[in-house]
Amino acid sequence: MAAPAQPKKIVAPTVSQINAEFVTQLACKYWAPHIKKKSPFDIKVIEDIYEKEIVKSRFAIRKIMLLEFSQYLENYLWMNYSPEVSSKAYLMSICCMVNEKFRENVPAWEIFKKKPDHFPFFFKCILKAALAETDGEFSLHEQTVLLLFLDHCFNSLEVDLIRSQVQQLISLPMWMGLQPARLELELKKTPKLKKFWNLIKKNDEKMDPEAREQAYQERRFLSQLIQKFISVLKSVPLSESVTMDKVHYCERFIELMIDLEALLPTRRWFNTILDDSHLLVHCYLSNLVHREEDGHLFSQLLDMLKFYTGFEINDQTGNALTENEMTTIHYDRITSLQRAAFAHFPELYDFALSNVAEVDTRESLVKFFGPLSSNTLHQVASYLCLLPTLPKTEDTTFDKEFLLELLVSRHERRISQIQQLNQMPLYPTEKIIWDENIVPTEYYSGEGCLALPKLNLQFLTLHDYLLRNFNLFRLESTYEIRQDIEDSVSRMKPWQSEYGGVVFGGWARMAQPIVAFTVVEVAKPNIGENWPTRVRADVTINLNVRDHIKDEWEGLRKHDVCFLITVRPTKPYGTKFDRRRPFIEQVGLVYVRGCEIQGMLDDKGRVIEDGPEPRPNLRGESRTFRVFLDPNQYQQDMTSTIQNGAEDVYETFNIIMRRKPKENNFKAVLETIRNLMNTDCVVPAWLHDIILGYGDPSSAHYSKMPNQISTLDFNDTFLSIEHLKTSFPGHKVKVTVDDPALQIPPFRITFPVRSGKGKKRKDVDGEDEDTEEAKTLIVEPHVIPNRGPYPYNQPKRNTIQFTHTQIEAIRAGMQPGLTMVVGPPGTGKTDVAVQIISNIYHNFPEQRTLIVTHSNQALNQLFEKIMALDIDERHLLRLGHGEEELETEKDFSRYGRVNYVLARRIELLEEVKRLQKSLGVPGDASYTCETAGYFFLYQVMSRWEEYISKVKNKGNTLPDVTEVSTFFPFHEYFANAPQPIFKGRSYEEDMEIAEGCFRHIKKIFTQLEEFRASELLRSGLDRSKYLLVKEAKIIAMTCTHAALKRHDLVKLGFKYDNILMEEAAQILEIETFIPLLLQNPQDGFSRLKRWIMIGDHHQLPPVIKNMAFQKYSNMEQSLFTRFVRVGVPTVDLDAQGRARASLCNLYNWRYKKLGNLPHVQLLPEFSTANAGLLYDFQLINVEDFQGVGESEPNPYFYQNLGEAEYVVALFMYMCLLGYPADKISILTTYNGQKHLIRDIINRRCGSNPLIGRPNKVTTVDRFQGQQNDYILLSLVRTRAVGHLRDVRRLVVAMSRARLGLYIFARVSLFQNCFELTPAFSQLTARPLHLHIIPTEPFPTSRKNGERPAHEVQIIKNMPQMANFVYNMYMHLIQTTHHYHQTLLQLPPAMVEEGEDIQSQEADMEAEEEGVPPGAAVLSPARAGSSEEPLGSQAETTPSQTGASSGPAAAAAESEVPAAGAGPEAVPAAASAQQDATSAPEETRSPSTSLS
């Protein structure tokens, strides 16, 4: 297997290069936004740029990037476009810019929407240019650019402006391009089309000739484009050299065809045109397909096109076709061919009289039709309306090969898509893992097209939807597997031993050499299948490794996926591995096969089962795992061994590799998707069209649902009647009781429910009444019945005053239908979610709700809030492995709940015993739940009924208050409740208390009745299943867990009615879809009633590691984002309570309207300034440090030493002022910088008690969903903006801080970026040097925005800050030193004992970190001192960051003193002397010098 050539990475231009470019100089003259006096528009500028910059460089991405980045399209091209100035260069320039915007994934159509007047004219010019002769004005390369532009247009149908233009190309009138006989045939199939066709003809006759001519051209555009393509394709020779322009044109054309076929609105009419042009036949017979190198991608694209042309869907109705319908269509085709043969072609009698199954294979069709002449074949085809009729006297112009292929490919039997899928192995093998066309490397630049499915707005059918996701998910996980294999195997260092075997020179945490491998079971196939039902093998390894790694291997759970690898290295012992060279030939990798763990074997060879019981301790180092192999793969391998004499793969494995559990669930997800495609997956009818992207996007909104509920109990949502009134602005609130004292929550609200379909005709006079009534809410306060005399009986209450949009979200969530809540940062998404869950729980106690989130952390936050509300904890259940991190002493996992039920049962039976004793009943009623039930029925109920008959009103006599207490039978039982139980004030109050006491008793017995099942079910597993299926009302899991366990859940008969998804915009499309189908349909219908999605599509999307899948296939688009794009109505939360108002302004421009909650202005923490710092947010410009800005030791591993040192210096400064270190987080946009900053923190701060460590040092992407008071952010890049250009990343970065945000960046680079302007214009309005107030300690009383009383110091650069912090630190040390000197003269008892303990802890922590105790603290960044030069970070980088820090480090080491040259630098001698005396002693901790 030859290793593919590494694709080149596009190097972004640097700022200096940008400034030196001709383009930039022109931009500064004509269109740059920051230039005040611009020159007038000049068409020649556009011509010049196009010819000299774009065409001359052969459309070099670098040039186009520069132009697009300089806002050429927005500020020059489209602004000045008009039909008068339109020219070839003008059109092409606009197309290039739009294509570049799509490549960069930034919004492309905004500027056209703002100024739409000339777009129709522009679009017509494009169409004309796309059909121009290739040797004429437009070159083939230019026409490829136009094709790409058209493809983007067809994929942007959600933009009204684009849709209005594109629709004219693909509607019924385009059938003008069909040949007349075919047109008649198609119109006959669907009678109503005939009517439309006649209408179209009539309308055409009314048009004036010029308009008609224009319309005809548009309708025939795609037919003509196909003909033009066929002529280009035919010009490709078989073996002579061919220009790549032709190949790229053909690839892009097929990509356009696939995209048209894969969207229903375009496919409906286009599929017939495509079929009539016989494009596929032409392509498969072309020379390009047979060219190995150049035609490889073209062939793969062609297979995709073939797949979509024959897709199982009815083009007219859009309904999916079943297996039977597809078979019927196939039979109809063959029989019509047989009829034609019987009637007109005597030479085909044999064919006509055979049965269908005998003649519908390719071989038999070729046998029957091959001998016929070309003319006869043409006549057969024209009889079937495939070709125009052949005049009697003439010969056909078509090749025989073409005519034969046309008839055969049309009538041969096809294998069904499901069958293909079921025979496919789910684990990738070495053939797929290293195929660049299917799994491109990370260097995908966005230039070429790929043979990958795309996820856009719409899908043909659910099958298509699942299939595209299946393929992409499979390939994305393959990419990650490739990275893991390359990493682990190269760490193992496989070398050839002297005897030709393998010797491993290294070791890897995630991989082990295999000691023995045997296949132990191959089970018989199921009927109708040819692969075994299961294949099991035993793998033995020797775990002679550190304990924690041994635990990880022993901790492999059932269903974990591992990979079996065969390497046969050819390199001798000691050869160095070079990461830049192809991996396969270096390690000699031969095979890769996947397997799934069943379990580890114990001493007796039995599989150790997972469960609550502790695992047995095994002796020795040798461990054997039983694994399942993929039966499909096994069958394929065995077949090739037997038929082709290939070697047996399963005899050769010598490495087993495991993967991190979090990233290793791909197989289960693929299996789940495959199972879904094999079942009739029933999506609720109200959701079906929305998921596919069709119909009315608001059809699932509660206001349009037929089963809308009019009266809802809002329970504790409202804090008061005033709160309720402000929550429904524009509504009239009518309360059922007039007494204000009774108008207290909880409230039931009756809404005016309109039927889903509005009334067509309204009476004119009745209209006002209707709107008046539609705006009136009837509010009924009700009292929650008394639950008992104990304080813990009081229900927990919500304390949050929800805003009116939050209330709208809660109301929508309680109604049936689809609810989408967009929650900007800090707007209380989780609180809304929890309130919806609570309200559904109380309104519909019989319904069950499923909670799904992206991360365990979000699930835990939700759970902690749910527990604070009035929800009985026996109804809560948390599935998955994240429950270990829940910060509560309660365990909500399956076994935790089982134990809770068992413990609670014992507690309740104790209560029954006490009750029995208090009533003086003999016997043992508290033996089991069953005996307790009888006791309740015969002893408790009888006493209660007797009591009620005594105290209830007897006729007209006034009830006596004292009787309530006197006759009460349970006084003795309630003796331990707060006394007196009865207040004696009024009969009603005391009666309610008595009822409450009885409710308390009754609840004990209803719970015991529910727990009876756990007495009957003996095993923990059965009990936990019962809980899951019957008992739990609120079940929570991550989307990954849902995908992994779907099969098990469906098998158990799991049922639920509502789904709530948090972080919905961070979940992959397919992982959002699977939770809808975790239950079997009832009578063919889904029982799902509500689907609530809460997320924020303006923050970061799901993480897709491979750029090609992320950009080309749009795999990062979540279902939530797609719904927003399609136009599903959303509730946008509009008040944030997290950050200062000034910080919120940095990102609130991205949202419709995002204001602040009142407390953000009122609370002291938001109004007080940040101590020691003049501003609450600042952008600090960082220039090159020692001549270096960003460096890139490994691809995409960006570092910037100057920024890293500056960030850490500011962090140390804040800590020295007294800021708590855990209130500060350091974020950056790249992993490389994260490692560098962690390194510097380890060296500068260590575990220094005066400084401490920041709460987190991580990347912006990882910190999404979290927050902290103060954020220090490093943007790293100095050459190109990089991925911060994605506005979603900017929004996340700007919205993490509550009180202070300090950004370190190269300002000249970021301020020119169009997408970032709204934020950076605010940031650059403040000074770009750090302003500090060193004498102002934390906390301060200064108000935010006030001039400080202390002196402000301006820091010009990083070395100055580093020196400043060092001096400040030394000063602090000196003062604490003097303080201790005075302490020494005091009696010893006055020195606190606690101090010594602290210092020991500090030492122990240091040892755990791997730092020797004495060195726990290194002095801070002393620029210029000999011991700890700034550049010395270089030594740590290779080991700790996995990458050498490249030139930056070398420069830093060689020029140590340069860092701090200046008056503030500490003289080297002095610093050395200090090192010897004060520093090491005192810095460790104030107490070590005393001990």
*Asks:* Which residues satisfy the salt bridge (charged side-chain N to carboxylate O under 4.0 Å, His left out) test with R1288, sequence neighbours excluded?
*Replies:*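 If we apply the salt bridge (charged side-chain N to carboxylate O under 4.0 Å, His left out) test to R1288, skipping adjacent residues, the hits are E1116, D1286.
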*Asks:* Are N1242 and R1253 packed together at the side-chain level, in the sense that at least one heavy-atom pair is separated by less than 4.5 angstrom?
*Replies:*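 A side-chain contact under 4.5 Å exists here.
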*Asks:* Nearest 0.5 Å, what's the CD1-CE distance between I549 and M510?
*Replies:*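 Reported value, rounded in 0.5 Å steps: 10.0 Å.
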*Asks:* Would you say Y1270 and L1299 make side-chain contact, with heavy atoms under 4.5 Å?
*Replies:*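 Yes. Closest side-chain heavy atoms under 4.5 Å.
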*Asks:* Taking R1285's backbone N and O only, do any of them form a donor-acceptor pair with R1289's side chain (distance below 3.5 Å, no angle check)?
*Replies:*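 Answer holds: no.
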*Asks:* Has R659 got its NZ or CZ under 6.0 Å from the middle of the six-membered ring of F563, at an angle within 45 degrees of the ring axis?
*Replies:*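 Here R659 fails the 6.0 Å and 45° test against F563.
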*Asks:* Give the minimum heavy-atom separation between Q806 and T803, together with the two atoms involved.
*Replies:*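 Minimum heavy-atom contact is OE1-N, 2.9 Å.
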*Asks:* Is it true that the side chains of S1274 and Q1233 contain a donor and an acceptor less than 3.5 Å apart?
*Replies:*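 Side-chain D/A pair, S1274 to Q1233: present.
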*Asks:* Give me the ring orientation class for F1054 and Y1056: parallel if the planes are under 30° apart, tilted from 30 to 60°, perpendicular past 60°.
*Replies:*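 The arrangement is tilted - the two ring planes meet at 30° to 60°.
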*Asks:* How far apart are the C-alpha atoms of L1146 and L1290, what are their side-chain angles, what is the distance that settles it, and do they pass the side-chain contact (heavy atoms from CB on, under 4.5 Å) test?
*Replies:* CA-CA 10 Å; L1146 292 173; L1290 178 80; over 6 Å; no
*Asks:* Can you tell me if Q1117 uses its side chain to pair, donor with acceptor, with the backbone of N456 under 3.5 Å?
*Replies:*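 Yes: the side chain of Q1117 pairs with the backbone of N456.
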*Asks:* Are I1059 and T849 close enough that some pair of their side-chain heavy atoms sits under 4.5 Å apart?
*Replies:*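 No, side chains not in contact.
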*Asks:* Indicate whether any N or O donor in one side chain lies under 3.5 Å from an N or O acceptor in the other, for Q1110 and N1106.
*Replies:*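 The criterion, which ignores hydrogens and geometry beyond distance, is not satisfied for N1106 and Q1110.
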*Asks:* Would you verify whether the NZ or CZ of R482 falls within 45 degrees of the ring axis of Y479 while also being under 6.0 Å from that six-membered ring's centre?
*Replies:*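 No, cation not above the ring by the 6.0 Å, 45° rule.
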*Asks:* Go through the steps for R874 and E1031 under the test salt bridge (charged side-chain N to carboxylate O under 4.0 Å, His left out), then give the verdict.
*Replies:* CA-CA 8 Å; R874 72 176 194 275; E1031 180 80 358; 3.7 Å; yes
*Asks:* Do the side chains of R1140 and F1177 get nearer than 4.5 Å, heavy atoms only?
*Replies:*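 Result no, sub-4.5 Å side-chain heavy-atom pair not found.
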*Asks:* Hey, does the side chain of S488 reach the backbone of I485 with a donor-acceptor pair shorter than 3.5 angstrom?
*Replies:*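 It does not hold such a pair.
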*Asks:* Can a side-chain donor-acceptor contact be found between Q483 and K1105 if the only test is distance below 3.5 angstrom?
*Replies:*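 On atom types as modelled, these side chains do not qualify, holding no pair under 3.5 Å.
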*Asks:* Can you name the nearest heavy-atom pair linking K1234 to T1258, along with the distance?
*Replies:*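 In terms of heavy atoms, the two residues are closest at CD-CA, 3.8 Å.
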*Asks:* Would you call N839 and Q835 a side-chain contact if the rule is heavy atoms closer than 4.5 Å?
*Replies:*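 A side-chain contact exists here, since the closest heavy-atom pair is under 4.5 Å.
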*Asks:* Measure across L1143 and A1139 and return the closest heavy-atom pair with its distance rounded to 0.1 Å.
*Replies:*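 What the structure gives for the nearest pair is CB-CB, 4.1 Å.
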*Asks:* Measure the spacing between SG of C1039 and NE2 of H854 and express it to the nearest 0.5 Å.
*Replies:*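 Result: 5.5 Å between the selected atoms.
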*Asks:* Would you please say whether a donor-acceptor pair under 3.5 Å links the side chains of Y841 and D872?
*Replies:*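 No.
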*Asks:* So for atom NZ, which belongs to K796, do other residues, nucleotides or ligands contribute more than 12 heavy atoms lying within a distance under 6.0 Å?
*Replies:*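 Above 12, so yes.
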*Asks:* Under a 3.5 Å distance rule, please check whether N1255 uses its side chain to pair with a backbone N or O of S1225 as donor and acceptor.
*Replies:*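 Not at all, since once roles are kept as given, no pair shorter than 3.5 Å links the two residues.
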*Asks:* Could you report the tightest heavy-atom contact between H1283 and Y1230, atom names first, then the distance?
*Replies:*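 Closest approach of H1283 to Y1230, heavy atoms only: N-OH, 3.4 Å.
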*Asks:* Is any side-chain heavy atom of K1045 closer than 4.5 Å to one of H559?
*Replies:*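 Side-chain contact under 4.5 Å: yes.
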*Asks:* Using side-chain contact (heavy atoms from CB on, under 4.5 Å) as the criterion, point out the one residue from I1226, V1257, I1271 that pairs with F1263.
*Replies:*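 Per the side-chain contact (heavy atoms from CB on, under 4.5 Å) rule, the option paired with F1263 is I1271, out of I1226, V1257, I1271.
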*Asks:* Just by modelled atom types, is the K660 backbone N or O under 3.5 Å from a matching donor or acceptor in the N664 side chain?
*Replies:*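 Not at all, since once roles are kept as given, no pair shorter than 3.5 Å links the two residues.
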*Asks:* Donor-acceptor check, side chain of R1138 to backbone of G828, threshold 3.5 angstrom: yes or no?
*Replies:*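 No, the answer is negative, given that no donor and acceptor are paired below the 3.5 Å cut-off.
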*Asks:* Stepwise, does the side-chain contact (heavy atoms from CB on, under 4.5 Å) test hold for E1165 with R1298?
*Replies:* CA-CA 10 Å; E1165 67 168 335; R1298 293 182 62 242; 2.8 Å; yes
*Asks:* So does G1232 get a backbone contact from the side chain of Q1199, meaning a donor-acceptor N/O pair under 3.5 Å?
*Replies:*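 A pair under 3.5 Å: yes.
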*Asks:* Would you confirm whether R658, through its side chain, and R509, through its main-chain N or O, come within 3.5 Å as a donor-acceptor pair?
*Replies:*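 Yes; at least one donor-acceptor contact below 3.5 Å.
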*Asks:* Okay, side chain of Q1264, backbone of L1100: is any donor-acceptor separation there less than 3.5 Å?
*Replies:*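 Looks like yes, one N/O pair under 3.5 Å.
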*Asks:* Indicate yes or no: at least one non-hydrogen side-chain atom of T1130 is less than 4.5 angstrom from one of F1123.
*Replies:*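 Answer no - side chains too far apart.
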*Asks:* Would I1067 and S1118 count as a side-chain contact (heavy atoms from CB on, under 4.5 Å) here? Give the steps.
*Replies:* CA-CA 6 Å; I1067 307 181; S1118 60; 5.7 Å; no
*Asks:* How far does CG of L1076 sit from CE of M1061, to the nearest 0.5 angstrom?
*Replies:*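 The CG atom of L1076 sits 5.5 Å away from the CE atom of M1061.
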*Asks:* Evaluate the side-chain proximity of R474 to F666: yes if any heavy-atom separation is below 4.5 Å, no if none is.
*Replies:*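 When only atoms from C-beta onward are counted, R474 and F666 do not touch, as no gap falls below 4.5 Å.
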*Asks:* Is the shortest side-chain N to carboxylate O distance from R848 to D1057 below 4.0 Å?
*Replies:*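 So R848 does not pair with D1057 through a salt bridge.
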*Asks:* Who pairs with E1069 by salt bridge (charged side-chain N to carboxylate O under 4.0 Å, His left out), at least two apart in sequence or on another chain?
*Replies:*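 Partners of E1069 by the salt bridge (charged side-chain N to carboxylate O under 4.0 Å, His left out) criterion, ordered by chain and then number, come out as R1122.
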*Asks:* As an exercise, state the distance from OG1 of T819 to CD1 of I810, rounded to the nearest 0.5 Å.
*Replies:*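 Interatomic distance, T819 OG1 to I810 CD1, rounded to 0.5 Å: 11.5 Å.
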*Asks:* Do you know which two heavy atoms are closest between T805 and D1132, and how far apart they sit?
*Replies:*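 Nearest heavy atoms, T805 then D1132: CG2-O, 3.8 Å.
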*Asks:* Nearest 0.5 Å, please: how far is CZ in R1150 from CD in Q1099?
*Replies:*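 Between Q1099 CD and R1150 CZ, I get 11.5 Å after rounding to 0.5 Å.
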*Asks:* Once you round to the nearest 0.5 Å, how far does SG of C1144 lie from CE of M1294?
*Replies:*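 Reported value, rounded in 0.5 Å steps: 13.0 Å.
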*Asks:* List the steps, then state whether side-chain contact (heavy atoms from CB on, under 4.5 Å) holds for V1103 with D1261.
*Replies:* CA-CA 9 Å; V1103 178; D1261 300 48; 5.8 Å; no
*Asks:* Which heavy atom of S1113 sits nearest to which heavy atom of L472, and what is that distance?
*Replies:*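 For S1113 versus L472, the nearest heavy atoms are OG-CD2, 3.4 Å.
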*Asks:* Test your reading of the model: is there a side-chain donor-acceptor pair from H1097 to the backbone of F1120, 3.5 Å cut-off?
*Replies:*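 Checking the backbone N and O of F1120 against the side chain of H1097, no donor-acceptor pair under 3.5 Å is found.
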*Asks:* Answer yes if the side chains of N1231 and R1262 hold a donor-acceptor pair under 3.5 Å, and no otherwise.
*Replies:*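 Side-chain D/A pair, N1231 to R1262: absent.
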